[in-house]
Protein chains: 2
Amino acid sequence: MARKTKAEAAATREALLDAAEDMFMEHGVARTSLEQIARQAGMTRGAVYWHFKNKGDMFRAMLERVHMPFQDLVDEIEALEHDVSSLEAIRLACLQGLERFEQHPRARRVHAILVHRCEFFSDIDPIAMQQEIADECRDSLYQHLLISQQQQMLADDLTPEVATDLLQSMLSGLFHEWIRDPDRFSIYDRGVPLVNQLIGMMHRSTPAARADR
Amino acid sequence: MARKTKAEAAATREALLDAAEDMFMEHGVARTSLEQIARQAGMTRGAVYWHFKNKGDMFRAMLERVHMPFQDLVDEIEALEHDVSSLEAIRLACLQGLERFEQHPRARRVHAILVHRCEFFSDIDPIAMQQEIADECRDSLYQHLLISQQQQMLADDLTPEVATDLLQSMLSGLFHEWIRDPDRFSIYDRGVPLVNQLIGMMHRSTPAARADR
DNA sequence: TGTTTTACATTCAATTGTGTATGGAAACGC
DNA sequence: GCGTTTCCATACACAATTGAATGTAAAACA
């Protein structure tokens with residue numbers, strides 16, 4: 001076969017990853033062969049083995065295309081905390097995260113694959129990856145809820161530990177319910193009232209809890 | 001090979017399912033061959049193909065050994081609702097559910113396999129199964145939270161819809177965090193304060209929210 | 001412009017898993 | 001007690017993938 005331009009080669013690499021996403025999503029990771037991926041991209045397995053070491057390497061590359069923006073959210077909290085209260089910053093960061101999930105279809109698909117379309121294989125451990133993401137999110141929430149408590153924002157009977165577990169569990173559950181079938185409902189539309197309500201209930205006895213629904 | 005007694009045959013069937021659980025849990029469903037399962041049980045594939053049609057049939061049989069006791073929980077709510085308030089009945093049913101998860105290691109393992117160790121194959125769709133379980137739980141919660149609202153138990157700014165989403169998301173998230181690595185923490189120990197806190201916050205302005213931790 | 005490297009396609013060897021067919025001895029029904 | 005059925009082991013044929021080896025024409029480079 002004729003050699004391609006560097007730009008063309010990069011394009012086929014992207015096309016292969018796109019095809020991998022398609023086939024992984026449709027048939028699951030284990031049930032899709034490298035030939036199916038190659039044919040979906042209009043190539044042969046030769047192209048796949050040129051750009052990637054094997055299926056595991058391809059999977060890893062697919063994940064690396066969607067950078068997990070959790071640290072970005074933390075940074076946004078940080079930037080906001082100078083203007084608004086810490087609890088309010090957390091609330092806005094959660095809403096921002098929901099919105100982001102909704103608006104990046106590639107990130108949505110890759111997360112769906114990671115959670116529901118693959119079991120571990122070769123040296124890929126999706127559960128460990130999910131663990132890592134969840135822990136990162138959890139630690140971040142805890143740090144900021146600790147600040148909220150120090151600022152006397154949390155309700156009397158609410159410890160930052162329980163508050164963290166509550167928020168993290170709720171967000172995690174919402175995510176899992178949604179990612180199971182993202183077309184069933186909008187994670188943003190369902191999530192906004194939940195976040196507002198829960199954060200509102202966490203506030204220190206401000207009877208006029210705001211639930212803008 | 002010599003024919004076995006009916007009791008012995010039933011025992012090997014159970015042994016095969018035990019072995020399947022072990023291997024599915026350890027290597028994932030897709031990566032375990034029927035021969036691995038047979039050898040783990042001290043048998044050959046002949047035994048497997050005698051008792052089951054194929055891997056999918058075996059998987060289904062494995063799931064059928066653990067009856068999902070969600071309707072039992074609903075019934076327990078029903079039985080309790082004559083004595084205590086509806087919200088209190090929901091709270092107790094949630095705690096009961098957590099306890100049950102903790103205490104049945106087989107159910108725990110099978111759920112872990114269903115969620116994290118398999119993608120769909122042949123005519124098995126684990127996501128649809130999880131969907132079914134979640135919907136059943138959600139519907140049940142909603143029905144009873146509707147009663148709570150009619151009994152004027154819910155906080156003014158809390159609709160039964162949002163309350164349902166909150167509780168269900170929180171429970172689902174807690175479950176997913178736990179099932180990812182059940183040895184990391186006790187779902188009961190972490191769940192009890194969460195349920196108590198959340199249900200407590202849902203109550204209609206009873207300032208003395210109870211958080212027994 | 002000539003040489004080297006790149007970006008694939010094609011082919012091949014080897015492995016792995018599946019489903020089925022066959023066999024055999026003991027348990028079961030009568 | 002005898003035929004039949006059951007429970008499982010063994011053997012075989014078949015398809016599906018994989019990884020690597022080889023081929024090749026054009027791009028990149030000097």
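Naming convention: chains lettered A, B, ... in sequence-line order (proteins, then strands); numbering from 1 in each chain. Keep in mind it's a predicted model, so treat the numbers as computed, not measured.
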If you compare every side-chain N and O of [X] against the phosphate oxygens of [N] (OP1, OP2), does one of them come in below 4.0 Å?
X: A:Trp50; N: C:dC8; value: no
X: B:Thr12; N: D:dC8; value: yes
X: A:His51; N: C:dC8; value: yes

Check your understanding: Does A:Phe24 have A:Arg117 sitting over its ring (NZ/CZ under 6.0 Å from centre, angle to axis within 45°)?
Key -> no

Between [options], which nucleotide gets closest to the side-chain atoms of [X]?
X: B:Met43; options: D:dG19, C:dA9, D:dC8; value: D:dC8
X: B:Leu34; options: C:dT18, D:dC7, D:dA9; value: C:dT18
X: A:Thr44; options: D:dG19, D:dC7, C:dT10; value: C:dT10
X: B:Lys4; options: C:dT18, C:dA7, D:dC8; value: D:dC8
X: A:Arg45; options: D:dG19, D:dA9, C:dA27; value: D:dG19

Length of the line joining [X]:[atom1] and [N]:[atom2], which is rounded to integer Å:
X: B:Phe121; N: D:dA16; atom1: CZ; atom2: P; result: 19 Å
X: A:Lys55; N: D:dA20; atom1: NZ; atom2: P; result: 16 Å
X: B:Tyr49; N: C:dT22; atom1: OH; atom2: C1'; result: 16 Å
X: B:His27; N: C:dG17; atom1: NE2; atom2: C1'; result: 16 Å

Practice item. May I ask you to decide whether A:Arg180 forms a salt bridge with B:Asp135, counting only side-chain N to carboxylate O separations under 4.0 Å? Key: no

Check your understanding: How far does CD of A:Gln40 sit from CD of A:Glu35, to the nearest 0.5 angstrom?
Key -> 13.0 Å

